[in-house]
There are 2 protein chains.
Amino acid sequence: MADHARRAPLSRERVLREALQAADDDGLEALSMRALADRLGVVPMALYKHVRGKDELLDAMVDAVVAEIGPPPAAGPWPERARALILQARAVMLAHPWAWRALETRTLPSPAVLDHMERMIRVLRDGGVSVDLTHHMMHTLGSRLWGFSQEVFASPSPPAAGPDPETLALMAERWPGVLESAASARHDDGTTVGPGCDDAAEFAFAVDLLLDGAERLHRAGWTAGTSPP
Amino acid sequence: MADHARRAPLSRERVLREALQAADDDGLEALSMRALADRLGVVPMALYKHVRGKDELLDAMVDAVVAEIGPPPAAGPWPERARALILQARAVMLAHPWAWRALETRTLPSPAVLDHMERMIRVLRDGGVSVDLTHHMMHTLGSRLWGFSQEVFASPSPPAAGPDPETLALMAERWPGVLESAASARHDDGTTVGPGCDDAAEFAFAVDLLLDGAERLHRAGWTAGTSPP
DNA sequence: CGTCGAGGTGTACGCCGTACACCATGCCGA
DNA sequence: TCGGCATGGTGTACGGCGTACACCTCGACG
């Protein structure tokens, strides 16, 4: 095996890049240290010379993805700047569908994570939003700050094409509201041909609702202790 | 070993109950089929006579927890009924801190899950909220419908007691906004002695903001196609 | 030319979920 | 009464995982 000398030497960079590619290709659950080593034509333990362990690797992967989220627009009303920043985050998360799952499992915020938070906070603060309201809004935005919405169950109706008429009848009896609500997903014109509803629209709706709420509170001179209405 | 005849026979119920207890005791990540079998004084494979596999067991556990969430108050303005239902869900999730993690990993909604959704949808629809707005609100509530808020990073500042003054100075330079925002957590009187901020208050703030937003849209006669403002 | 350290290798351990063959028990119809 | 059979607990084994640890190789450098 003379080729082991010939192949490009490993490096933290190469390991990280290949890990990102592997996750993009095959999903996060298929990413094992062994599989990753295979992709690099190397024995599993070789990776540990460049990475402390799988956990640290995931940290680095998350950091890399979050770093793709750029800064907000330089100017404009703060709600629009915030909205743009969030939608940018969403675009990044859509490009790496595994990323939000990885993000959730991290315990400590990485530098890129703090950068993103800092930017959002700055948008609000520069818009004149109080420290307290900013703080609350960061909590309220929750995962949407990162470009995804934790919905627990993506589609209430059976996911794939044919909603089996038998179970459908059963649902109509016990969960009519769920059925009705799910049906309202496809109501309007063919903007969403897929099985579910328009994720982008739902995401935007939620973000707008949240930012509008914040703006209203801000304009009303909300301070801690007041309740939202 | 005559005691194996003497001990209470296994059953799906016993397996499920012990699994719930084990998760409450030791956390979800410590719950393995082997550990669970040990708790029941039985060999691992014995469980498989009562449960199809770990995945189905987790489904059942989630179902059991979600079933603890009761119905909403019978009467009252719909936003208050909705609020009460959500806070009930939150109480259940607080009693089983592992549950939200398990909930997230499930792919198909169980009956109890659909029941809870149905109840929430009914609260809105009975309040006169349109099908479309109801649908949007279910999405917008997201994980909060289930009593938790996906925040990705619970505390922006170092979690435990002493925020190491060195890193703190470093943060002050690079992430002043994050620091300022984190500091605002402890601002008011000693209602929150812990390291972080008042989770309950943050949760309530977010829920109120969301429900107020919905109520305002509803009263304004919102229909699909209109944007929130 | 000898040494040394960085980096790739091989083996091994302890976990995990679970397939499969086996065996104990108690019930039930003949 | 007895044979067969279903129910449910057992034992062994497999393939996967992350990773500790000892080893080897090889280029750089004093």
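Sequence lines set the chain letters: A, B, ... in the order given, protein chains first and strands last, and positions in each chain run from 1.
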Response to the item:
Taking for B:S11 and for B:R34 the nucleotide of DNA chain D with the nearest heavy atom, the one nearer the 5' end belongs to B:S11
Worksheet item: Roughly, in whole Å, what's the span from CE in A:M33 to P in D:dG15?
Response: 23 Å
Fill in: Rounded interatomic separation in angstrom, taking CZ from A:R14 and P from C:dG7
13 Å
Worksheet item: So does A:D59 pair up with A:R52, basic N to acidic O under 4.0 Å?
Response: no
Practice prompt. Rounded to the nearest angstrom, tell me the gap between atom CG in A:L47 and atom C1' in D:dA20.
Written response: 15 Å
Worksheet item: Rounded to the nearest Å, what distance is computed from the CE atom of residue B:M45 to the P atom of nucleotide C:dC23?
Response: 17 Å
Practice prompt. Please determine if a side-chain N or O atom of A:H50 lies less than 4.0 Å away from the OP1 or OP2 oxygen of C:dA6.
Written response: no
Worksheet item: B:K54 has an atom NZ; how far is it from atom P of D:dC17, in whole Å?
Response: 16 Å
Fill in: Shortest side-chain distance from B:V42, nucleotide among D:dG18, D:dT10, C:dG10
D:dT10
Practice prompt. By nearest nucleotide on DNA chain C, pick out whichever of B:D55 and B:K49 is the more 5' one.
Written response: B:D55
Discussion item. What's the closest nucleotide to the side chain of A:A46 if the choices are C:dT9, D:dT19, D:dT10?
Written reply: C:dT9
Fill in: Integer-rounded Å distance: C:dT11 P and A:Y48 OH
18 Å
Item to complete: Measure the acute angle between the ring planes of B:F205 and A:H136, then classify it against the limits of 30° and 60° as parallel, tilted or perpendicular.
Response: parallel
Worksheet entry | Whole-Å gap separating C1' (D:dC17) and CG (A:D38) | 14 Å
Fill in: d(CZ, B:R52; P, C:dG17) in whole Å
18 Å
Practice prompt. Could you go through the side chain to side chain contact (heavy atoms under 4.5 Å, CB included) check for B:D115 and A:R174 one step at a time?
Written response: CA-CA 8 Å; B:D115 283 343; A:R174 180 161 173 189; 2.9 Å; yes
Practice prompt. Would you check, one step at a time, whether the test side-chain hydrogen bond (donor to acceptor under 3.5 Å, both in side chains) holds for A:E13 with A:S11?
Written response: CA-CA 5 Å; A:E13 287 315 302; A:S11 72; over 6 Å; no
